[in-house]
Amino acid sequence: MKDSYVWHKDKLKGDYLKVFDKIELYGQTGSMDALTYEERMMDLVDMFITAQDKGRPVQKIIGTDVEAFCGEYFGEYTWKDRMKSLPKQMLPLAWLLFVFAIFDILVLVTDMENGSSFWTWKTDASGWLFGYAWGILVSVIIGVLLRPFVFRSKKLSPNILAIATLIIGFGGIFCFADLMPMIEMPVWVELLVSGGYLLLYYVVRGFLNYRNHGSIKSQEIVSKISFWGKVDEGIIQDLPKIHKKRFEKKNEKLAKKNKPLISEERYMEEFRKEVVIDKKVSLVSTIIIIVFLAVVVVSQMFQSGIADGALLLTLLFFIEIPIIKWTWKGYKNSPREIVLNRCEELGIGIVEYARKLEEGSGK
Amino acid sequence: MEDTQLMKGILEGCVLSIIASGETYGYDILSELERYGFEELGEGTLYPILTRLDKGGSICCRKAKSPLGPVRKYYSITEEGVRRLETFLDTYRKVTKSAEAVLFGKKQREEENEG
């Protein structure tokens with residue numbers, strides 16, 4: 001899964017975060033395509049985090065006029081830049097259509113005994129056409145309406161923009177989708193267009209990669225965050241402090257009862273055991289969810305056929321995948337385990353690690 | 001520092017010169033410029049310069065994870081960039097020599113005559 005600037009934003013604090021939010025809002029209410037915008041924001045978040053780490057005020061990086069900075073930073077974006085990124089932007093839509101086409105063919109296979117033919121089998125394209133067009137319209141309208149308020153309203157934030165977009169986006173789909181007339185498209189056209197686009201895209205990309213650096217693989221993506229293991233640095237910084245407070249409160253209670261206090265080593269040992277138990281529970285939970293998913297899908301396939309089973313698998317996949325991700329993260333790359341590893345690398349306990357973080361020397 | 005047009009012309013050459021010294025990244029370039037006296041330059045000024053140089057083929061960039069987490073662009077100069085820098089330095093020497101003669105030459109002659 002490709003890295004995004006959003007996952008690094010939590011490292012920004014104070015003025016850096018406030019300014020970054022305004023710049024983010026300005027960019028999101030503009031007409032820049034998503035890929036170019038993501039690249040610009042990643043460059044900016046790297047600059048901000050580096051400057052913040054070196055203790056420089058944000059004004060040294062962007063000047064005192066945030067609005068003027070935004071005008072310069074997001075300027076020089078021409079229609080040529082937009083055209084250049086268009087093929088890559090269309091890729092998710094092409095994949096979506098291709099997957100729909102495959103499902104339509106699976107449904108056709110189950111209906112062939114009724115005389116249906118591959119060349120006459122049709123699908124209704126109005127749903128995805130409307131969804132795509134509506135999505136573009138909503139983001140443009142909201143952008144135009146909110147842009148004048150970006151630097152004039154203190155309450156307007158990227159989160160509010162996201163919520164407004166979601167509400168209007170989904171609201172429109174629920175209200176108007178049924179009013180759309182059916183737009184029939186032969187499945188073979190859907191398959192040809194989407195499959196043809198994907199084939200052409202990857203062939204041309206491979207050719208350009210080979211010409212530029214001798215390999216058909218793209219060299220651009222050098223950083224991926226595992227879909228299963230995104231690390232939230234904010235939680236990792238807070239966890240030791242939470243445990244330090246817990247340790248102190250525990251010892252306060254023991255002192256009141258005139259009982260022997262827990263040492264920091266003993267507390268660290270308990271923390272280590274907790275991490276091991278958490279990992280086992282997370283692994284077992286993940287296995288149970290996957291087995292449950294498999295049993296449901298297989299039984300549906302036996303009852304109603306392969307096509308229905310495949311459709312159910314797709315639905316459950318999107319519902320269950322965030323849950324599986326969450327439980328797997330608890331096993332593979334949990335914040336607690338990361339903190340434990342950092343403590344062990346430094347050769348100190350979690351309480352001492354918390355003290356170092358508070359002093360600003362622990363990283 | 002005022003006179004934006006003058007600054008823009010010079011900055012592009014200066015940025016290219018910094019990149020020619022070795023692979024570098026945005027914050028480092030800003031710090032170097034500041035060290036040499038280009039104060040109050042921000043990412044908003046630097047970024048368009050880097051974009052123009054990249055589009056013009058004078059620099060290339062590779063992306064890698066920075067020590068603090070985000071993906072960072074590291075810039076290095078190309079052969080075309082080396083040629084462009086040489087042209088810039090040549091033009092800069094000629095122009096500054098002539099400009100100094102025009103701007104300060106008359107005053108210097110007057111001072112010499114008074115002396």
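Here the structure is a predicted model, which is why all the values come from computation and not from measurement. Quick note: numbers below take in every heavy atom, side chains included, and nothing from hydrogens, waters or symmetry partners. Proteins get letters first, then strands, A, B, ... in listed order; numbering begins at 1 in each.
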TODO: Could you label the plane-to-plane angle of the A:Y26 and A:F151 rings as parallel, tilted or perpendicular, counting under 30° as parallel and over 60° as perpendicular?
DONE: tilted
- [ ] Tell me, yes or no, whether the heavy-atom count around B:K55 atom NZ, taken from other residues, nucleotides or ligands under 6.0 Å, exceeds 12.
- [x] yes
Task: Results of side chain to side chain donor-acceptor pair (under 3.5 Å) for A:K241 - residues two or more places apart only - done: none
Which atom pairs, one a donor and one an acceptor, fall under 3.5 Å between side chains of residues 65-75 of chain A and the rest of the protein, sequence neighbours left out?
residue: A:D65; atom: OD1; partner: A:E67; partner atom: N; Å: 3.1
residue: A:D65; atom: OD1; partner: A:A68; partner atom: N; Å: 3.1
residue: A:Y73; atom: OH; partner: A:R40; partner atom: O; Å: 2.6

TODO: Sort B:Y27 into side chain, backbone, both or neither according to what part of it lies under 4.5 angstrom from a heavy atom of chain A.
DONE: both
Task: Selection from A:K60, A:M42, A:Q59 maximising heavy-atom pairs under 4.5 Å formed with chain B - done: A:M42
- [ ] Please determine, among A:I62, A:I49, A:T64, the option with the most heavy-atom pairs under 4.5 Å with chain B.
- [x] A:I49
